[in-house]
> 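Pasting a structure here, questions to come.
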Amino acid sequence: MSASPLPETAALAARLGVPAEHLRALDGCAAEDVALLDDAVELALRAEDRAVSDGLAAAVRFVPRPLRGRARALLGVGRG
(Lines give C-alpha, C1' and ligand atoms only; values in the text may rest on other atoms or scores of the structure.)
Protein backbone atom coordinates (compact mmCIF):
# COMPACT_ATOMS: atom_id res chain seq x y z
CA MET A 1 0.00 0.00 0.00
CA SER A 2 1.11 3.59 -0.43
CA ALA A 3 2.36 5.60 2.50
CA SER A 4 0.26 8.38 3.90
CA PRO A 5 1.06 11.84 2.56
CA LEU A 6 3.23 14.29 4.46
CA PRO A 7 1.28 16.53 6.83
CA GLU A 8 2.35 19.46 4.66
CA THR A 9 0.97 17.78 1.54
CA ALA A 10 -2.29 17.00 3.33
CA ALA A 11 -2.55 20.67 4.41
CA LEU A 12 -1.93 21.86 0.85
CA ALA A 13 -4.51 19.42 -0.50
CA ALA A 14 -7.06 20.65 2.02
CA ARG A 15 -6.35 24.27 1.08
CA LEU A 16 -6.82 23.45 -2.60
CA GLY A 17 -9.90 21.33 -1.93
CA VAL A 18 -8.50 18.22 -3.60
CA PRO A 19 -7.77 14.73 -2.27
CA ALA A 20 -4.20 14.34 -1.02
CA GLU A 21 -3.73 11.54 -3.56
CA HIS A 22 -3.83 14.18 -6.31
CA LEU A 23 -0.62 15.65 -4.93
CA ARG A 24 1.37 12.41 -4.86
CA ALA A 25 3.92 14.01 -7.19
CA LEU A 26 5.03 16.10 -4.21
CA ASP A 27 5.86 13.06 -2.06
CA GLY A 28 9.52 13.18 -3.13
CA CYS A 29 9.87 16.84 -2.15
CA ALA A 30 11.27 18.05 1.14
CA ALA A 31 8.65 18.92 3.75
CA GLU A 32 10.01 22.48 3.90
CA ASP A 33 9.49 22.90 0.15
CA VAL A 34 5.90 21.66 0.35
CA ALA A 35 5.26 24.00 3.29
CA LEU A 36 6.70 26.89 1.26
CA LEU A 37 4.42 25.99 -1.65
CA ASP A 38 1.46 25.85 0.74
CA ASP A 39 2.33 29.33 2.03
CA ALA A 40 2.56 30.65 -1.54
CA VAL A 41 -0.81 29.13 -2.41
CA GLU A 42 -2.35 30.67 0.71
CA LEU A 43 -1.02 34.11 -0.25
CA ALA A 44 -2.28 33.71 -3.81
CA LEU A 45 -5.75 32.70 -2.61
CA ARG A 46 -5.86 35.67 -0.22
CA ALA A 47 -4.82 38.02 -3.04
CA GLU A 48 -7.50 36.55 -5.29
CA ASP A 49 -10.16 36.98 -2.58
CA ARG A 50 -9.09 40.59 -2.06
CA ALA A 51 -9.15 41.28 -5.81
CA VAL A 52 -12.68 39.88 -6.08
CA SER A 53 -13.83 41.95 -3.10
CA ASP A 54 -12.24 45.09 -4.54
CA GLY A 55 -13.80 44.39 -7.93
CA LEU A 56 -17.26 43.95 -6.46
CA ALA A 57 -16.89 47.15 -4.43
CA ALA A 58 -15.83 49.01 -7.56
CA ALA A 59 -18.74 47.58 -9.55
CA VAL A 60 -21.24 48.77 -6.94
CA ARG A 61 -20.14 52.35 -7.65
CA PHE A 62 -21.70 52.00 -11.12
CA VAL A 63 -25.09 51.11 -9.64
CA PRO A 64 -27.42 54.12 -9.32
CA ARG A 65 -27.16 55.61 -5.83
CA PRO A 66 -30.72 54.70 -4.70
CA LEU A 67 -30.02 51.02 -5.43
CA ARG A 68 -26.49 50.74 -4.02
CA GLY A 69 -27.56 49.57 -0.57
CA ARG A 70 -29.55 46.72 -2.09
CA ALA A 71 -26.68 45.87 -4.48
CA ARG A 72 -24.19 45.78 -1.59
CA ALA A 73 -26.48 43.50 0.36
CA LEU A 74 -26.95 41.13 -2.59
CA LEU A 75 -23.23 41.00 -3.31
CA GLY A 76 -22.10 40.87 0.32
CA VAL A 77 -19.99 43.99 -0.13
CA GLY A 78 -19.39 46.44 2.70
CA ARG A 79 -19.31 50.17 2.31
CA GLY A 80 -16.10 51.36 0.76
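Please read these numbers as outputs of a predicted model, since none were measured by experiment.
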> Would you list the atom pairs, donor with acceptor, under 3.5 Å between side chains in residues 34-47 and any protein atom, with sequence neighbours excluded?
from	atom 1	to	atom 2	distance (Å)
D38	OD1	R15	NE	2.7
D38	OD2	R15	NH2	3.4
E42	OE2	R46	NH2	2.7

> Any chain of hydrophobic side-chain contacts (each under 4.5 Å) joining L56 to F62?
no

> Please give me the minimum heavy-atom distance between A13 and A20, naming the atom from each residue.
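Result for this residue pair: CB-CA, 3.6 Å.
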
> Give a yes or no on whether the backbone of V63 and the side-chain of R68 come within a donor-acceptor separation of less than 3.5 Å.
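Yes, because the side chain of R68 sits within donor-acceptor range (under 3.5 Å) of the backbone of V63.
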
> Could you give the distance from CG (L26) to CD (E8), rounded to the nearest 0.5 Å?
11.0 Å

> Check side-chain hydrogen bond (donor to acceptor under 3.5 Å, both in side chains) between R50 and all other residues, then give those that pass, not counting sequence neighbours.
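side-chain hydrogen bond (donor to acceptor under 3.5 Å, both in side chains) list for R50, sorted by chain: D54.
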
> Looking at CZ of R24 and OG1 of T9, how far apart are the two atoms once the value is rounded to the nearest 0.5 Å?
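The CZ atom of R24 sits 8.5 Å away from the OG1 atom of T9.
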
> Does L74 share a hydrophobic cluster with V77, counting links as ILVMFWY side-chain heavy atoms below 4.5 Å and allowing steps through other members?
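No, L74 and V77 fall in different hydrophobic clusters.
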
